[in-house]
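Okay, structure first, notes after.
All figures in this text were calculated on a predicted structure; none of them were measured in a lab.
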Amino acid sequence: MNDNFAAIPVFVAVVECGSFSAAGVRLGITKSAVSKRITQLESALGARLLHRTTRSLSLTEAGEQYFAYARSACAVAQEGEDALTRLQGRPRGMLRLSVPMVFGRLHVAPLIPRFLAACPDVEINMMMDDKLVDLIEGGYDLAIRIGSLADSSLVARRMAPCRSVLCAAPAYLERCGRPATPAQLSEHNCLFYSYFRAGSEWQFQGPDGAVRFQPRGNYQVNNSEALRDALLAGLGICQMPTFIVGEDLAQGRLVELLPAYRLPAHAIYAVYPERRHVPAKVLAFIDFLLSQFGGEEPYWDVRRAC
């Protein structure tokens with residue numbers, strides 16, 4: 001029976017992740033170890049829980065019934081562990097993070113060694129990806145999200161503003177001129193971030209109200225650092241978050257354009273699943289990031305203002 005209990009979180013991970021290999025990654029064990037645990041569980045229960053094919057997994061009727069109880073058992077056990085760690089007051093355990101690629105590389109990854117030195121009982125598994133992930137299915141404790149948040153059961157805590165500017169390199173402006181209004185952007189090579197969830201239009205709030213512009217140019221890419229490289233090379237004009245180009249603006253490598261036409265304001269959030277007892281490791285990491293970022297005046301904007 002003890003072996004059955006030990007296999008429950010493995011079974012839940014397989015169903016939530018959709019494969020033995022993905023469950024193994026979440027749990028930190030091999031695919032073969034996952035398969036062995038599931039086989040042993042099915043043998044002990046005397047029922048097949050999963051339909052297996054070379055390309056997919058699906059629950060049998062017995063598996064569907066068992067999964068409902070297994071998932072509830074895992075949730076209750078996690079609540080108990082969270083309550084205990086909160087009682088002890090010391091962050092501990094594995095902290096699984098999901099962060100955007102560029103923001104994570106520039107502003108989260110450099111802080112990890114300092115956090116782990118302050119919280120030696122915590123381990124971190126961080127996934128950097130610009131695509132949204134399901135925190136529950138992926139088994140993540142915490143995610144950093146930028147922009148407008150969709151309605152969900154997740155708890156969101158605002159970490160910092162996300163300001164964007166329209167900018168270009170001095171070399172581009174010398175070659176092609178400087179636009180004075182959004183309408184004049186039609187005469188310029190406008191670079192574009194292809195994962196932008198707000199849509200393809202550029203939206204400005206100008207002296208006379210809202211202005212919309214459809215950018216046109218010869219370069220679109222799904223990575224903001226690649227756009228920064230193109231900007232610095234003088235390829236064109238782009239709207240960029242200051243957490244990427246703040247230092248370039250401060251040093252004059254890039255120039256802000258159309259300052260009278262403001263781009264939409266967004267924010268950076270920490271989001272996590274709602275729980276009765278939020279793990280101490282989650283709260284400690286959020287508080288740590290807040291102390292490092294600087295709140296409503298993040299350090300990447302302070303440098304720019306200076």
Side-chain angles (χ1 to χ4, degrees), residues 1-45 47-60 62-86 90-99 104 108-109 112 115-116 119-129 131-144 154 271-282 284-285:
M1 184 61 70
N2 289 337
D3 288 342
N4 289 1
F5 288 151
I8 287 175
V10 179
F11 172 63
V12 171
V14 168
V15 177
E16 290 182 341
C17 295
S19 72
F20 286 0
S21 56
V25 171
R26 179 201 285 193
L27 299 170
I29 60 178
T30 64
K31 177 182 176 180
S32 60
V34 172
S35 179
K36 183 178 179 180
R37 288 287 187 92
I38 297 301
T39 299
Q40 290 173 340
L41 179 61
E42 289 178 326
S43 177
L45 294 174
R48 180 171 291 277
L49 302 175
L50 297 165
H51 292 300
R52 302 167 176 81
T53 69
T54 55
R55 295 188 177 183
S56 66
L57 292 174
S58 61
L59 287 167
T60 64
E64 289 180 356
Q65 292 189 23
Y66 189 72
F67 176 66
Y69 290 105
R71 194 174 197 179
S72 296
C74 285
V76 170
Q78 185 63 61
E79 287 282 355
E81 182 178 330
D82 295 343
L84 184 59
T85 57
R86 288 290 300 277
R90 184 168 183 173
R92 61 191 297 266
M94 176 65 72
L95 180 63
R96 300 193 75 242
L97 306 174
S98 170
V99 301
V108 179
I112 296 298
F115 175 77
L116 291 176
C119 300
D121 294 330
V122 174
E123 299 177 45
I124 287 182
N125 183 337
M126 183 165 69
M127 178 68 69
M128 294 194 291
D129 196 329
K131 294 181 179 179
L132 288 181
V133 298
D134 187 306
L135 267 63
I136 305 298
E137 290 187 2
Y140 292 100
D141 297 294
L142 179 70
I144 301 297
L154 298 176
V271 300
Y272 53 91
E274 187 173 9
R275 295 177 179 175
R276 184 177 304 170
H277 303 285
V278 180
K281 60 188 177 183
V282 171
F285 192 71

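- Checked by atom type and distance alone, the side chain of Lys281 pairs as donor or acceptor with a backbone atom of Met94 at under 3.5 Å.
- Of all non-hydrogen atoms in Ala62 and Ala47, the two that sit nearest each other are CB-CB, 4.2 Å.
- Of all the heavy atoms in Arg37 and Ala7, the pair that sits closest is O-CB, 4.1 Å.
- Scanning for side chain to side chain donor-acceptor pair (under 3.5 Å) contacts around Ser32 gives Thr30, with sequence neighbours left out.
- The side chain to side chain donor-acceptor pair (under 3.5 Å) check on Ser58 picks up nothing, with sequence neighbours excluded.
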How far apart are the C-alpha atoms of Val15 and Leu59, what are their side-chain angles, what is the distance that settles it, and do they pass the side chain to side chain contact (heavy atoms under 4.5 Å, CB included) test? CA-CA 8 Å; Val15 177; Leu59 287 167; 3.7 Å; yes

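- Inter-residue side-chain proximity for Met127 and Val99 is flagged as unmet; no heavy-atom pair is nearer than 4.5 Å.
- Put simply, the side chain of Leu95 reaches to within 4.5 Å of the side chain of Leu97, judged on heavy atoms.
- Counting heavy atoms from C-beta on, the side chains of Pro120 and Arg90 come closer than 4.5 Å.
- No donor-acceptor pair under 3.5 Å is formed between the side chain of Ser43 and the backbone N or O of Thr39.
- The closest side-chain heavy-atom distance from Phe285 to Asp141 is not below 4.5 Å.
- For Glu16, the side chain to side chain donor-acceptor pair (under 3.5 Å) partners two or more places apart in sequence, or in a different chain, are Arg26, Arg71.
- Every side chain to side chain donor-acceptor pair (under 3.5 Å) that Ser19 has, sequence neighbours left out, goes to Ser21.
- In this structure, Pro91 and Asp121 approach most closely via the heavy-atom pair O-CB, 3.6 Å.
- The list of ring-ring contact (aromatic ring centres under 6.0 Å, His included) pairs with a residue in residues 23-43, not counting sequence neighbours, is empty.
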Salt bridge (Lys or Arg N to Asp or Glu O under 4.0 Å), that's the test. Do Glu42 and Lys36 meet it? Break it down for me. CA-CA 10 Å; Glu42 289 178 326; Lys36 183 178 179 180; over 6 Å; no

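- Side chains of Ile38 and Arg52 form a contact here, defined as non-hydrogen atoms less than 4.5 Å apart.
- For the pair Leu154/Tyr272, no side-chain contact is recorded, criterion being any heavy-atom separation below 4.5 Å from C-beta on.
- For the pair Leu50/Phe20, a side-chain contact is recorded, criterion being any heavy-atom separation below 4.5 Å from C-beta on.
- At a threshold of 4.5 Å between non-hydrogen side-chain atoms, the residues Val271 and Leu142 do not count as touching.
- Of the possible donor and acceptor atoms, none in the side chain of Arg92 sits under 3.5 Å from a partner among the backbone N and O of Val122.
- Nearest heavy atoms, Val133 versus Ser98: CG2-OG, 3.3 Å.
- With sequence neighbours left out, Tyr66 forms a ring-ring contact (aromatic ring centres under 6.0 Å, His included) with Phe11.
- With rounding to the nearest 0.5 angstrom, the OH atom of Tyr140 is 7.5 Å from the CG atom of Asn125.
- The backbone N or O of His51 sits nowhere less than 3.5 Å from a side-chain atom of Thr60 that would complete a donor-acceptor pair.
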